[in-house]
Amino acid sequence: MLGALGLLTVGACGAAPETGPVDLLITGGRVMDPDSGLDAVVNVAVRNGVIVALTEETPEALEVLDAGGLVVAPGFIDLHAHGQDPESSRYQARDGVTTAMELEIGVYPVDPWYAAREGRALIHFGASVSHQGARREAFGVMVAERSGQRAFSLGRGGASDAFLYEAASEDELHRLIRLMQRELDQGGLGFGFGISYTPGARHLELWRLFAAAADRQVPVFIHLRSAGAFRAGGAIAPFQEVVANAAATGASVHIVHMNSSAGETAPSALELIRGAQARGVDVTTEAYPYTASASRIESALFDGWVSRPEEAYQALQWVDTGERLTAATFRGYRAQGGWVIMHGRSEETNEWIVSQPDVIAASDGIPFSEGRAHPRGAGTFARILGRYVRERGVLSLMDGLRKMTLMPAQRLETVAPQMASKGRVQVGTDADLTLFDPARVIDLATYDAPDQFSAGIRHVLVAGTFVVRDEALVDGVAPGQAIRGQTP
Ligand SMILES: [Zn+2]
């Protein structure tokens, strides 16, 4: 087997083969590639940000890194990372992430968002076209900040909430479709929906927008409608809505955080998704490995909370102070605005979801630039590898890696062909690599102390450049590249 892996040297980007020493030789690591199934101790040679050899030999190199005792994996790809600022990137890199995307809520407009990050990013980045942002413009609400720097928003930012709560007229819907398709031409990676944050978006609107996505052959990323919007339908009804839309239009759909959307009905939700897949519907899903959720307390997500019984508020934890809420403090903080954690799902179901090999790992990490946050933005990937793979043994290491490398890369390959050279450790693929100690890797971020780096992620390379070395961030590097959509 290893004979076939003998030294092969290729030039980057299809250039002529180069000779002379490689830039970096990673020696003695256990290389794991979920695509080919390779799981062996081999040396990895890197030149110009690309893997040029997997070999038992030791070709001449400008630098040699001893990776004895470490796993050499493809860099982790997070499809759901709201933290798109330098502070968040540091936590992501220390958790092994080399590509972090804002696909759920998306951004609007797209071009200034990419421009603001180009040449300055620690890790690779990309975003979908935000339905909520485009809806705001289609409804005639002025978009105040066009710098592209505006933080992730869940609504209630403008003079009018009409764009969140009102149904679109026929004219507004046509305008919305035009605006969203226009932003695809600026590099958007698909359409991003936080549909429970825009309760005015009716079922017809969502269906038409799935058709518009299918028309341009781009995926839809969606936070499902709140189950309460379906009367007696329960948590499974929102899954049925998007699977039906995908089947009827041919759109590809990625359902975000099925753990928080499905709750205890997760096994049924996954059965529905698998059934649709088996019948040719392109539907995927993801989860983060925690029993609590988090969101903005002022958003529409909490509209239904205002009349709950007093005990219900105990499930809510104010991030800034760590306190559990009461009806009175809920009202006060809702007027003020900020991040709140929602406890309540069972660890049994959480573990079951994490152990399913076909559920992609994604963090839903909240921007650290907005202060303290949910620990998922700092610890998702190390938590899966340390807690669920090593300690609990509910997932094999290769299956765990596949969920955070190959599967998210494949989800984006139709819209972003360069993803075909990510999520793999193969000759010719990008040298986005995460080297971790399988005996030590673990998350350290908690609900009370969310701003803790993960442990055991020893080295992280982005396009061949170290961003984490010996478990410390490297200063003054910005190798992160824009991942843009390429649509017909
Ligand atoms: Zn969400």
Side-chain angles (χ1 to χ4, degrees), residues 78-84 88 92 100-108 126-133 135 151-157 164 189-201 206 209 219-230 235 237-239 241-242 253-263 265-266 269 273 283-305 315-316 319 337-345 350 353 359-368 370 373-377 380 408 411 450:
D78 188 351
L79 298 181
H80 192 159
H82 299 302
Q84 292 286 334
S88 300
Q92 292 155 354
M101 312 273 199
E102 165 57 274
L103 298 176
E104 179 205 34
I105 303 294
V107 301
Y108 190 94
S128 65
V129 179
S130 174
H131 167 246
Q132 179 181 297
R135 207 169 197 269
F152 160 64
S153 163
L154 294 176
R156 290 191 190 258
L164 300 175
L189 289 163
F191 289 170
F193 294 89
I195 206 78
S196 63
Y197 297 103
T198 53
L206 194 58
L209 286 165
V220 166
F221 304 91
I222 187 162
H223 173 141
L224 299 175
R225 216 179 277 285
S226 297
F230 291 83
F239 285 85
E241 180 190 13
V242 300
V253 59
H254 178 73
I255 299 169
V256 304
H257 52 52
M258 68 96 66
N259 52 317
S260 60
S261 291
T265 64
I273 288 168
V283 50
T284 52
T285 193
E286 56 163 64
Y288 54 87
Y290 295 85
T291 55
S293 318
S295 196
R296 299 286 301 187
I297 197 168
E298 71 276 24
S299 73
L301 201 66
F302 288 96
D303 287 356
W305 276 74
L316 301 181
V319 173
W339 289 99
V340 68
I341 287 171
M342 286 162 279
H343 292 277
R345 293 192 299 276
N350 181 53
I353 294 169
V359 175
I360 292 171
S363 74
D364 195 9
I366 293 164
F368 277 93
E370 296 185 18
H374 188 295
R376 66 197 183 194
T380 284
R411 175 71 285 185

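Whatever order the structure lists ligands and atoms in, that order sets their numbers, starting from 1.
Around the Zn ion (ligand 1), the protein contributes the following N, O or S atoms under 2.8 Å, ordered by chain and number: Glu104 OE2, His223 ND1, His257 NE2.
Under the 3.5 Å distance criterion, with hydrogens and angles disregarded, a donor-acceptor pair is assigned to the side chains of Glu102 and His82. Checking Asp78 against Ser363 by side-chain atom types alone, a donor-acceptor pair falls below 3.5 Å.
Between Phe193 and His131, the two ring planes are tilted [angle within 30° to 60°].
Judged by the 6.0 Å distance and 45° axis criteria, Arg376 is not positioned over the aromatic ring of Tyr290.
Partner Glu286 forms a side-chain hydrogen bond (donor to acceptor under 3.5 Å, both in side chains) with one of His257, Arg411, His80 and no other, that one being His80. For the side-chain contact (heavy atoms from CB on, under 4.5 Å) test with Met258, the passing option among Ile353, Thr284, Leu224 is Ile353; the others fail.
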